[in-house]
Amino acid sequence: MLDELKKELENCTKCPLHLGRNKLVFSDGSENAKIMLIGEAPGADEDKLGLPFVGRAGKFLNELLEKAGIDRKKDLYIANTVKCRPPENRKPLECEKIACEGNLFKQIEVVKPKVIILCGSTAVETFIKDKKLTITKIRGQVFEYKNGIKLVPIFHPSYLLRKHSTDPDAPRALTLKDLGMVKAMV
Ligand code: URA
């Protein structure tokens with residue numbers, strides 16, 4: 001059902017990110033999934049393959065999902081706030097996010113997940129507008145979106161790759177706990 005939108009976006013020129021696009025990075029996983037995961041933006045590996053979270057951060061995300069008992073292909077639908085790679089992997093600009101957010105909202109409307117995992121601050125900012133609510137403060141909490149859909153912010157795997165502590169209160173363990181909570185919600 002989202003195939004048409006994907007096709008259309010392959011030729012999208014609505015924001016400057018199209019200038020560096022090798023491949024559109026639309027989604028991965030199942031449109032029937034109860035859990036949707038929203039990341040920030042494609043990186044170099046994603047831009048090359050046309051799939052989200054296939055680089056280093058993606059591999060680490062896969063490890064976390066496996067530990068939490070979430071099947072990436074069956075239980076998840078994965079998308080990003082923008083569908084084209086920002087130059088030098090910078091964060092997407094506000095105007096780029098705005099140009100692309102209708103596509104993300106359409107994906108949510110079609111998939112109708114029970115829970116949306118907001119992966120990192122860029123995804124959080126799209127849905128939770130209070131700037132004081134940083135990811136460190138709000139991870140692990142459940143927010144309401146609409147139509148009963150819940151939002152769960154988690155740390156981004158790229159951040160976790162820089163945080164090596166295995167302490168039970170450290171970001172890696174907390175993220176596993178958050179994913180376990182999501183699994184129990186669906
Ligand atoms: N890869 C993605 O597709 N999204 C991210 O946010 C990071 C890496």
Side-chain angles (χ1 to χ4, degrees), residues 2 5-6 9-10 12 15-31 33 35-68 70-108 111 113 115-128 134-136 138-139 151-164 171-172 174-176 178-179 182:
L2 287 163
L5 177 63
K6 183 181 173 194
L9 293 183
E10 276 161 3
C12 178
C15 90
L17 294 184
H18 80 275
L19 295 168
R21 179 176 61 223
N22 184 30
K23 281 203 173 152
L24 177 83
V25 179
F26 188 75
S27 69
D28 194 21
S30 165
E31 283 186 24
I35 309 170
M36 180 160 172
L37 182 142
I38 301 176
E40 181 174 294
D45 296 306
E46 289 79 15
D47 175 66
K48 207 184 293 165
L49 294 175
L51 286 168
F53 284 106
V54 289
R56 221 172 133 241
K59 293 204 169 77
F60 190 63
L61 174 68
N62 291 347
E63 278 178 38
L64 294 170
L65 291 170
E66 203 178 318
K67 282 185 187 153
I70 298 173
D71 186 314
R72 173 173 167 143
K73 289 281 173 198
K74 279 206 315 247
D75 301 334
L76 264 197
Y77 180 83
I78 306 181
N80 281 309
T81 62
V82 294
K83 313 297 189 233
C84 302
R85 182 194 180 196
E88 280 130 50
N89 297 341
R90 64 156 167 75
K91 275 179 181 278
L93 303 174
E94 198 57 30
C95 61
E96 294 159 353
K97 284 191 285 178
I98 289 170
C100 212
E101 69 182 9
N103 304 316
L104 181 63
F105 297 150
K106 180 82 194 172
Q107 287 173 299
I108 297 171
V111 175
V115 188
I116 298 175
I117 301 171
L118 301 174
C119 205
S121 59
T122 302
V124 166
E125 285 157 18
T126 303
F127 294 87
I128 299 169
T134 57
I135 191 102
T136 313
I138 63 170
R139 61 129 289 275
L151 301 170
V152 176
I154 67 166
F155 290 119
H156 195 284
S158 304
Y159 171 78
L160 296 177
L161 281 172
R162 303 190 298 270
K163 301 278 163 192
H164 297 279
R172 288 190 180 202
L174 293 175
T175 304
L176 265 181
D178 297 342
L179 290 174
V182 169

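Along the sequence shown, residues are numbered consecutively beginning with 1. Each ligand, and each atom within it, is numbered from 1 in the order the structure gives. Since the structure is predicted, the reported quantities are computational estimates derived from the model, not experimental observations.
- Using a 4.0 Å cut-off between charged nitrogen and carboxylate oxygen, Arg90 and Glu96 count as a salt-bridge pair.
- Screening Asn80, Thr126, Thr122, Thr81 for a side chain to side chain donor-acceptor pair (under 3.5 Å) involving Glu40 leaves a single residue, Thr122.
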Under 3.5 Å, which donor-acceptor pairs do the side chains of residues 48-60 form with other protein atoms, sequence neighbours left out?
{"from": "Lys59", "atom 1": "NZ", "to": "Val54", "atom 2": "O", "distance (Å)": "3.3"}

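- For Lys106, the side-chain contact (heavy atoms from CB on, under 4.5 Å) partners are Leu2, Leu5, Glu109, Val110, not counting sequence neighbours.
- Closer than 4.0 angstrom to ligand 1 sit non-hydrogen atoms from Gly39, Glu40, Ala41, Glu46, Pro52, Phe53, Asn80, His156.
- Residues forming a side-chain contact (heavy atoms from CB on, under 4.5 Å) with Asp71 (at least two apart in sequence, or on another chain): Lys73, Lys74, Asp75.
- Remark: Asn22 CG to Arg85 CZ distance equals 9.5 Å, nearest 0.5 Å.
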